[in-house]
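Following: one structure in structure tokens, then a few remarks.
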Amino acid sequence: MPDYADAEFIEKNEEICLNCQYCQKPAMPDMTLPIWKKAPKKEANLKTVIFGGVFDPIHNGHTRTAALVYERIKPDFFYFVPSRTPPHKNPKRVTDAEHRYNMTKIAAESLGENFSVSRLELDAAGVSYTVETLEHFRQNGVELFFVIGADNIDQIASWRRGGEIGGLATMVIAGRGGYEIDRSKIPFPNFLIIEQDIELSSTFVRECENKQDYVCDGVYKYITENNLYPPKVKNLEERVRETLDDKRWRHTLLVCDAARSLARHYGVNEDDAYTAALLHDYAKGFSLKEMLNICAEYDIIPDEVQRESAALLHGVVAEAVSYYEFHVTNSEILNAIRYHTTLCANPEPLTKVVFLADCIEDSRVYAGADEIRQAAYSDIDGACVMALDGTLKRLTKLNRPVHPDTIHAKNFLLGDIL
Ligand code: DGI
Ligand code: FE
Ligand code: FE
């Protein structure tokens with residue numbers, strides 16, 4: 001058996017090339033029919049390349065390999081064969097077969113008329129195995145070439161009837177930049193190696209932000225139009241975590257605990273309390289200028305006291321971000337975030353819970369903290385007034401303006417108490 005890696009053989013082989021200027025190239029067969037029924041009879045073997053894969057999506061690494069394989073083998077037919085439910089992958093996580101077929105077709109068209117896409121595996125009932133696909137294509141007068149990634153060589157033995165695969169086709173081993181191919185370990189009687197320098201994986205392409213750099217224009221357009229690989233939505237915790245510094249994150253987690261606990265105690269929705277607590281200080285690390293910019297972006301007009309104070313504005317900004325960026329629409333949660341620093345007149349129970357949780361979380365140490373902690377579970381309004389009084393005292397000492405909401409909150413709660 002010839003070793004296709006041997007350059008001499010390649011040259012010799014090209015003497016019988018069917019795709020040279022002296023021979024007429026047969027038309028592409030209709031893949032709905034077995035190849036031998038369509039292809040014109042030839043004295044020499046028709047060379048057919050099979051490039052199977054999940055193609056989720058087909059990317060520039062695939063098409064570059066295909067172009068190089070084509071150049072090297074000069075086949076009569078070149079088929080991409082997208083798989084339907086690949087046996088080694090969880091079918092649920094693979095993109096719909098028709099989308100993968102369409103993308104592969106677009107990419108094949110971009111390569112030129114010599115490339116086509118076979119629906120063989122897509123239309124098969126159930127799972128398709130490589131060995132069966134090769135048997136289908138390997139009919140009389142067909143010399144088969146099967147493209148396989150260098151990183152798959154070791155796995156073939158474990159594929160269905162893996163031992164037979166190397167006997168059905170010349171294995172075209174597609175090397176990827178950086179992947180060492182040990183020729184002595186290649187288990188196939190006939191093989192050739194195609195080295196290409198694009199190191200890409202479909203997983204990478206699916207997850208990256210600049211897909212247009214890794215797939216052809218048509219495929220990029222298709223991906224965009226069909227919203228095939230939307231960015232993974234980071235969960236709220238991750239997004240808050242990466243915005244806050246360590247100290248603020250620890251405080252936030254403790255406020256979450258305290259808010260859940262108070263919510264449970266007062267029959268308030270615990271999950272809402274958690275969400276509001278998680279987001280309450282989201283904007284705490286922003287500068288006043290950044291906060292004012294965010295307000296401007298969302299047409300929020302801060303009042304004159306807020307405009308001068310990051311301490312007052314961070315709740316307002318956190319509310320806006322929660323609504324516009326995190327799509328929190330529950331108005332009780334939004335109010336709890338907005339008023340967590342000052343409270344307000346007639347605060348909703350969730351607002352009181354988050355306000356108090358912020359004051360009494362376990363790491364808070366200030367004069368009077370323990371009294372407020374105790375009161376928090378017996379008299380939530382009284383505890384709120386105590387916390388507000390503490391703030392008023394500090395503001396007076398510092399000669400800072402008191403926000404009207406702080407006063408409205410206190411007056412309202414006193415009215416409740418008296
Ligand atoms: O964000 P935290 O530090 O967890 O706590 P917070 O949101 O309750 O913010 C406390 C700060 O807010 C503290 O520096 C005092 C300030 N503050 C609270 N109420 C008022 C206020 N500042 C002014 N100027 N006026 C207020 O009514
Ligand atoms: Fe705060
Ligand atoms: Fe806080």
Side-chain angles (χ1 to χ4, degrees), residues 236-237 240-241 243-263 272-288 290-292 294-295 302-322 326 328 333-345 347 350-369 372-373 376 380 383-414:
L236 218 48
E237 284 87 348
V240 174
R241 174 66 195 100
T243 303
L244 302 184
D245 64 32
D246 291 351
K247 196 165 162 241
R248 187 57 50 182
W249 175 241
R250 267 198 304 280
H251 159 69
T252 296
L253 290 178
L254 290 171
V255 177
C256 287
D257 288 347
R260 266 195 189 283
S261 161
L262 281 170
D272 292 352
Y274 172 78
T275 305
L278 181 68
L279 292 166
H280 84 285
D281 273 347
Y282 181 81
K284 187 79 181 184
F286 300 177
S287 68
L288 183 60
E290 285 170 321
M291 292 187 198
L292 291 170
I294 294 173
C295 288
D303 60 44
E304 55 208 10
V305 189
Q306 288 169 336
R307 218 176 297 143
E308 303 295 325
S309 164
L312 284 172
L313 211 46
H314 75 281
V316 175
V317 171
E319 182 205 15
V321 172
S322 301
F326 301 146
V328 174
I333 296 176
L334 293 171
N335 284 336
I337 296 169
R338 180 188 186 92
Y339 296 115
H340 84 263
T341 305
T342 55
L343 265 189
C344 57
L350 185 65
T351 300
K352 293 189 229 175
V353 160
V354 175
F355 171 80
L356 263 189
D358 195 14
C359 298
I360 64 164
E361 55 91 340
D362 286 352
S363 75
R364 291 282 202 210
V365 277
Y366 54 89
I372 300 176
R373 275 192 188 99
I380 192 167
C384 284
V385 172
M386 287 163 81
L388 288 169
D389 280 344
T391 303
L392 287 168
K393 238 191 203 163
R394 259 175 292 133
L395 292 172
T396 309
K397 219 173 168 183
L398 294 166
N399 214 14
R400 298 280 298 149
V402 178
H403 190 271
D405 284 336
T406 306
I407 298 167
H408 291 149
K410 181 169 174 188
N411 290 346
F412 180 87
L413 292 171
L414 283 178

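Counting convention: from 1, in listed order, for ligands and their atoms alike.
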Any N or O of [X] closer than 3.5 Å to N or O of ligand 1:
X	answer
His280	no
Ser309	no
Asp358	yes
Arg248	yes
Thr391	no

Notebook entry, point to check: Between the side chain of Arg307 and the main-chain N/O of Pro302, is any donor-acceptor distance below 3.5 Å?
Noted result: yes
Notebook entry, point to check: Does ligand 1 have any atom that is closer than 4.0 Å to a heavy atom of His314?
Noted result: yes
Checklist line | From Thr406, Thr341, Val305 - option closest to atom 18 (C) of ligand 1 by heavy atom | finding: Thr341
Next item on the list: Between Gly315, Ala311, Pro401, flag the one that comes closest to atom 23 (C) of ligand 1 by a heavy atom.
Entry: Pro401
Next item on the list: Hey, could you give me the CG/NE2 distance between Leu343 and His403, rounded to the nearest 0.5 Å?
Entry: 12.5 Å
Margin query: Here's a test for you: under side-chain contact (heavy atoms from CB on, under 4.5 Å), which of Leu392, Leu388, Thr396 qualifies with Val402?
Written below: Leu392
Next item on the list: Walk me through it: do His251 and His280 pass the test side-chain contact (heavy atoms from CB on, under 4.5 Å)?
Entry: CA-CA 11 Å; His251 159 69; His280 84 285; 3.3 Å; yes
What part of [X] sits under 4.0 Å from ligand 1 if we count only heavy atoms: the side chain, the backbone, both or neither?
X	value
Arg364	side chain
Leu312	side chain
Leu395	side chain

Margin query: Assess the residue pair Ile360 and Leu262 against the criterion (side-chain contact (heavy atoms from CB on, under 4.5 Å)); give the C-alpha distance rounded to whole Å, side-chain angles, the decisive distance to 0.1 Å, and a yes or no.
Written below: CA-CA 10 Å; Ile360 64 164; Leu262 281 170; 4.2 Å; yes
Notebook entry, point to check: Do you see a protein non-hydrogen atom under 4.0 Å from atom 26 (C) of ligand 1?
Noted result: yes
Check: Protein heavy atom under 4.0 angstrom of atom 13 (C) of ligand 1, is there one?
Finding: no
Notebook entry, point to check: Is there a side-chain contact between Tyr339 and Val354, using heavy atoms and a 4.5 Å cut-off?
Noted result: no
Item checked: Intermediate values then yes/no, side chain to side chain donor-acceptor pair (under 3.5 Å), Tyr282 and Ser322 -> CA-CA 9 Å; Tyr282 181 81; Ser322 301; over 6 Å; no
Check: His280: which N/O/S atom is nearest the Fe ion (ligand 3)?
Finding: NE2
Notebook entry, point to check: Closest to the Fe ion (ligand 3), which N/O/S atom of His251 is it?
Noted result: NE2
Item checked: Among the N, O or S atoms of Asp281, the one nearest the Fe ion (ligand 2) -> OD1
Check: Do any of the N, O or S atoms of Asp358 sit under 2.8 Å from the Fe ion (ligand 3)?
Finding: yes
Checklist line | Lys/Arg N to Asp/Glu carboxylate O, Asp246 vs Arg241, below 4.0 Å | finding: yes
Item checked: Salt bridge Lys410-Asp389, side-chain N to carboxylate O under 4.0 Å -> yes
Check: Passes salt bridge (charged side-chain N to carboxylate O under 4.0 Å, His left out), Lys284 versus Asp245? Steps please.
Finding: CA-CA 10 Å; Lys284 187 79 181 184; Asp245 64 32; over 6 Å; no
